[in-house]
Novice: 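Pasting a structure below so you can have a look.
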Amino acid sequence: MIRLLTATLLVASAVSASAQTSPVPPVPAASVGNVVETYFGTEVRDPYRWLEDTKSAQSQAWMKAAADNAMATLARIPGRQAMFERIARYDGAVSARVEQVVRESGDRWFFERRGASDNQFKLWVRQGLAGKDRLLVDPDAIEKRTGKPHAVNFFTVAPGGGRLAYGLSAQGSEAAVLHLLDTKTRRAIGQPIDRADMGNVSWSPDGRWMLFTRLQELKPGMPDTEKYQKAQTLLLAPGADVARAVPVFGVGVAGVDIGPAELPFASFSHDGHWAFGFAINGTQREIGLFVSPAKAVRNGKPQWRRVVRAADEVTGVAYMNDTLYLVSHKGAPRSQVLQLDLQARDIAQPRVLVAQSERVVTGIAAAADALYIETRDGNVKRLFKRAHAPAAAVSEVKLPLEGSFQLNGDEGGNGAADPRLPGLVLTLEGWNRARQIYLVGADGQVRNSGLQPQGPFDAPEGIEATEVKVKSHDGAMVPMSVIHKKGTPLDGRNPTILYGYASYGITEEPFYSVSRLAWLDAGGVYAVANPRGSGVYGQDWYKGGFQATKPNTWKDFIACAEWLVAQKWTSADRLGILGGSAGGILVGRAMTERPDLFAAVVPVVGALDSIRFETSANGVPNIPEFGSSATEAGFRALLAMSTYHHIVDGTRYPAVMLMHGVNDPRVEVWESTKTAARLMAATRSGKPILMRLDFDAGHGVGSTKQQQLQERADVFAFFLWQMGIAGYQPTP
């Protein structure tokens, strides 16, 4: 996916008083090319195609000039540095942030933690919840040694906890190199393995074998679009030379009928009975699933048989006691849970275990005591469980907070649930409560693990969320959450950010941001919408903003913006819209359709040139979501959602700040630079068009804390400047 919740792009730089008055270097007008292509009788002009060659001297010079201009412009905003300091103070008030908690037998806990003085998350292990922590992997130390920021992209613990696999990448590239580590000695096992970007590693129950997915090698002359094609899952003894790895799942493996663009992942079941092969067609939610006896896979001669096709509309899988549990929306738009006996003669006939209801089933995970079921009421999550006994009933697990969580357990034991252990590890948060890590016992009792320290700003008083439904252009009711301080006046003058995403069926659920407090302190309101294209009401809502129906996405968003103005939360001159990655479609097309409705627009690593997206490495995996220009229907849909192609000369566009990491592997940086160049040439409003580039970042994954805090300060300061808020207006 190309999803980004909060992009993290800018390198820290203190803003001095002199910077606020120093001259801003201009951006030279980008030269206009004359690339015209015809698709199904329609001419499509692309005047800035040359910017796609990001390595050319011409592109590099323009990108540097645009980046220098943006940095200097933002440095002149008087309140920007104070905003950064406030955000940094709020963020630094908690002693540490903890993520990716994995429990292992023997009461061992593995997790990533970033201390208040750390710039990046580090990988730790703790013996017992009350025990001492031991450092395993330190990206900050690697940065000091190499001069480049690094991040741990993923890790998987071997059964017993004696070894682990982790992926490490530099400068936000997500080009992960797979490392193996002895957790007792901290010594490396074997040699690093490159092309491990996908992060899929599974250990056999005895730890003697591992499965991992590796991308094919791009040789000279091969197009970038081949990057994510023909990947394979390999079997290797930990520490052995990768040249000895055996392909056991993927294109070319006997019994595996998948296409070259389908990504292959495989895992061993915890009990050693089975191996599972997952075929993921890019960003398509519906998966393919194969099973083989685990022994056959360990011997390098798998015996795969397919049990799930994309047509079965399965989006989630769990396993226990020779039984597969499946989440499927086939014939059930809000999804239901199916049960499949792997020992039965006809395994193609699952039975309904939990039928569809008013709640949307969003995930499942198997623990030793029960199958846990994640559901959504609106955008609030609810947790249910069903014991493994044949006639067991489904019961709700009462949680201490109405908010959001995810059951992302897997057969390797990395996630909320582990089929070898009872209960769950659950990370729970809300609009006004920061993430805390809870333990759900087999008896249904829920207690705080204590792994995540609570900071003084993690449970603020006086902050509330108003939940509303807004009528869209065709009568559809769009849910939106409005986060604000109690007593906020409805006088139409509140600086307001409207945020959305609305792709892949992903729902914006309650999430906490300590940085958001700084926006509220400035008198701001923060609204989060779930237009069609999200999955807030299930499959039908998702498909209502998908490919040919994608215009509903930005029309729903525009309706939410109009509602905020009509209800006097804000006014058009104090309303900004923010969206990242696929959310760039949302905010970009809302801007081109209604430029009069917004004071400022911030697309972050935005998908903005939909016609050319599929020519990039990550464009092929995204064809299932957005379509392909190789078909007329696909082309029409892509043209409709392409911001770049809907920019009209002479239009009074709002202020725009495009932000992008140059090393982005998901959305190429040229989608932003081309759009910036086009807007600079087209707009007649006199408002700034800034192109913020970070040459040490990518799509936001792996960005350091300093990059994150600086980015948030820049976004808030830019909005407040363009909304005319006192204290943020540069001196002429």
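Note: hydrogens, waters and symmetry copies are ignored here, and every other heavy atom, side chains too, is used.
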Novice: Hey, is Arg49 close enough to Glu37 for a salt bridge, meaning N to O under 4.0 Å?
Specialist: yes
Novice: Step by step, would you call Glu43 with Arg45 a salt bridge (Lys or Arg N to Asp or Glu O under 4.0 Å)?
Specialist: CA-CA 7 Å; Glu43 283 192 351; Arg45 298 183 179 276; 3.7 Å; yes
Novice: Taking all non-hydrogen atoms of both residues into account, name the closest pair between Leu401 and Gly430 and its distance.
Specialist: CD2-N, 3.6 Å
Novice: Using modelled atom types and a 3.5 Å cut-off, is there a donor and acceptor pairing between side-chain atoms of Ser335 and backbone atoms of Val360?
Specialist: no
Novice: Check Ser642 against Ser610 and note the closest heavy-atom contact, atom names and distance.
Specialist: OG-N, 3.1 Å
Novice: Ring centroid separation for Trp519 and Phe716, is it under 6.0 angstrom?
Specialist: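 Distance test on ring centres: under 6.0 Å, yes.
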Novice: Nearest 0.5 Å, what's the CG-NZ distance between Leu608 and Lys674?
Specialist: 10.5 Å
Novice: Determine, step by step, whether His329 and Gln336 satisfy the side-chain hydrogen bond (donor to acceptor under 3.5 Å, both in side chains) criterion, reporting the C-alpha distance in whole Å, the side-chain angles of both residues, the deciding distance to 0.1 Å, and the verdict.
Specialist: CA-CA 6 Å; His329 55 75; Gln336 58 189 354; over 6 Å; no
Novice: How long is the straight-line distance from OG1 of Thr549 back to CE of Met641, given to the nearest 0.5 Å?
Specialist: 8.5 Å
Novice: Closest heavy-atom contact between Ser571 and Gly492?
Specialist: OG-O, 3.0 Å
Novice: Would you confirm whether Asp224, through its side chain, and Ala617, through its main-chain N or O, come within 3.5 Å as a donor-acceptor pair?
Specialist: no
Novice: Of all the heavy-atom pairs spanning Val669 and Gly661, show the shortest one and how long it is.
Specialist: CB-O, 4.2 Å
Novice: Does Tyr325 reach the side chain of Val317, with side-chain heavy atoms less than 4.5 Å apart?
Specialist: no
Novice: Working to the nearest 0.5 angstrom, can you tell me the gap between Asn379 CG and Asn530 CG?
Specialist: 6.5 Å
Novice: Are side-chain heavy atoms of Val478 and Lys469 found at a separation under 4.5 Å?
Specialist: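 Sidechains of Lys469 and Val478: no contact.
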Novice: On the 0 to 90° scale, with breaks at 30° and 60°, tag the Trp569-His484 ring pair as parallel, tilted or perpendicular.
Specialist: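 Because their plane-to-plane angle lies in the 30° to 60° range, the rings of Trp569 and His484 count as tilted.
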Novice: Quick one: does any side-chain atom of Ser629 pair with a main-chain N or O of Phe635 as donor and acceptor, under 3.5 Å?
Specialist: no
Novice: Return yes if some donor-acceptor pair links the side-chain N/O of Thr631 with the main-chain N/O of Gly634 below 3.5 Å, else return no.
Specialist: yes
Novice: Does Glu174 reach the main-chain N or O of Asp664 with its side chain, forming a donor-acceptor pair under 3.5 Å?
Specialist: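 Absent.
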Novice: Under 4.5 Å between any side-chain heavy atoms of Glu262 and Tyr228, yes or no?
Specialist: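 Side-chain contact under 4.5 Å: no.
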Novice: Is Glu402 salt-bridged to Arg382, going by a charged N under 4.0 Å from an acidic O?
Specialist: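 Yes, charged N to carboxylate O under 4.0 Å.
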Novice: Taking Ser328 for the side chain and Thr315 for the main chain, is one N or O donor matched with an acceptor at less than 3.5 Å?
Specialist: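 No, Ser328 side chain to Thr315 backbone: no donor-acceptor pair under 3.5 Å.
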Novice: Taking the side chain as every heavy atom from C-beta outward, state whether Val604 and Leu578 have any pair of such atoms under 4.5 Å apart.
Specialist: yes
Novice: Quick check on Lys687: does its NZ atom have over 12 non-hydrogen neighbours (other residues, nucleotides or ligands) under 6.0 Å away?
Specialist: yes
Novice: When the ring planes of Phe278 and Phe276 are compared, do they come out parallel, tilted or perpendicular, using 30° and 60° as the limits?
Specialist: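 Tilted.
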Novice: Within the structure provided, determine whether Glu374 and Val361 are in side-chain contact (heavy-atom separation under 4.5 Å).
Specialist: no
Novice: Does the Arg435 side chain pair with the main chain of Phe511, one donor and one acceptor, at a distance under 3.5 Å?
Specialist: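 No: the side chain of Arg435 does not pair with the backbone of Phe511.
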Novice: Classify the side-chain pair Asn663/His699 by whether it contains a donor and acceptor separated by less than 3.5 Å.
Specialist: no
Novice: Ser685 side chain to Tyr653 main-chain N or O, any donor-acceptor pair under 3.5 Å?
Specialist: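 Answer holds: yes.
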Novice: Check the pair Arg532 / Asp474 against salt bridge (Lys or Arg N to Asp or Glu O under 4.0 Å), numbers first and verdict last.
Specialist: CA-CA 12 Å; Arg532 279 169 285 187; Asp474 58 357; 2.9 Å; yes
Novice: So, for Asp596 and Ala572, which heavy atoms are closest and what is the spacing to 0.1 Å?
Specialist: O-CB, 3.8 Å
Novice: Begin from the C-alpha positions of Arg666 and Val605 and carry the test side-chain contact (heavy atoms from CB on, under 4.5 Å) through to its verdict.
Specialist: CA-CA 9 Å; Arg666 305 195 190 198; Val605 293; over 6 Å; no
Novice: Please work out which of the three classes, parallel, tilted or perpendicular, describes the rings of Tyr504 and Phe626, given edges at 30° and 60°.
Specialist: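 The rings of Phe626 and Tyr504 stand perpendicular, inter-plane angle above 60°.
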Novice: Nearest heavy-atom pair of Glu467 and Ser481: which atoms, and what distance?
Specialist: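 Closest pair (atom of Glu467, atom of Ser481, distance): OE1-OG, 2.6 Å.
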Novice: Between Arg612 and Glu671, is there a side-chain N and carboxylate O pair less than 4.0 Å apart?
Specialist: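 Answer for the salt bridge query: no.
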Novice: Rounded to the nearest 0.5 Å, how far does OG1 of Thr675 lie from NE2 of His646?
Specialist: 12.5 Å
Novice: Between Thr42 and Arg636, is there a side-chain donor-acceptor contact under 3.5 Å, judged purely by atom types and distance?
Specialist: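 A donor-acceptor contact under 3.5 Å links the two side chains.
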Novice: Output yes when Glu562 and Arg594 qualify as a salt bridge under the 4.0 Å nitrogen-oxygen rule, no when they do not.
Specialist: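 Between Arg594 and Glu562 there is a salt bridge, with a charged N closer than 4.0 Å to a carboxylate O.
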Novice: Less than 4.5 Å apart, side chain to side chain, heavy atoms only: is that true for Ser173 and Asp197?
Specialist: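 Contact flag for Ser173/Asp197 side chains = no.
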Novice: Do Lys381 and Thr362 come within less than 4.5 Å of each other through their side chains, counting heavy atoms only?
Specialist: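 They are in side-chain contact.
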Novice: For a side-chain contact (heavy atoms from CB on, under 4.5 Å) check, start with the C-alpha distance between Leu520 and Thr488, then their side-chain angles and the critical distance, and finish with the verdict.
Specialist: CA-CA 10 Å; Leu520 300 182; Thr488 297; over 6 Å; no
Novice: Only one of Ile577, Leu586, Leu597 clears side-chain contact (heavy atoms from CB on, under 4.5 Å) with Leu498; which?
Specialist: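 Single pass found, and it is Ile577.
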Novice: Would you mind telling me which of Asp46, Asp649, Thr643 makes a side chain to side chain donor-acceptor pair (under 3.5 Å) with Arg678?
Specialist: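 So, applying the side chain to side chain donor-acceptor pair (under 3.5 Å) to Arg678 and each of Asp46, Asp649, Thr643, only Asp649 qualifies.
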Novice: So, taking the atom named CD1 in Ile497 and the one named CG in Leu564, what distance separates them when rounded to the nearest 0.5 Å?
Specialist: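 Going from CD1 on Ile497 over to CG on Leu564, the span is 12.0 Å.
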Novice: Donor-acceptor pair, distance only, cut-off 3.5 Å: does the side chain of Arg359 make one with the backbone of Arg376?
Specialist: no
Novice: What do the steps show when you test Arg433 against Glu429 for salt bridge (Lys or Arg N to Asp or Glu O under 4.0 Å), and what is the final call?
Specialist: CA-CA 6 Å; Arg433 291 293 181 270; Glu429 64 182 316; over 6 Å; no
Novice: Could you tell me whether the side chain of Thr496 and the main chain of Asn494 form a donor-acceptor pair under 3.5 Å?
Specialist: yes
Novice: Contact between Trp670 and Thr673 at the side-chain level, heavy atoms closer than 4.5 Å - yes or no?
Specialist: yes
Novice: Find the distance between CG (Leu428) and OH (Tyr512) and round it off to the nearest 0.5 Å.
Specialist: 14.5 Å
Novice: Please evaluate residues Val314 and Leu289 with respect to the criterion side-chain contact (heavy atoms from CB on, under 4.5 Å), reporting the C-alpha separation (whole Å), side-chain torsions for both, the decisive distance (0.1 Å), and the verdict.
Specialist: CA-CA 9 Å; Val314 169; Leu289 177 62; over 6 Å; no
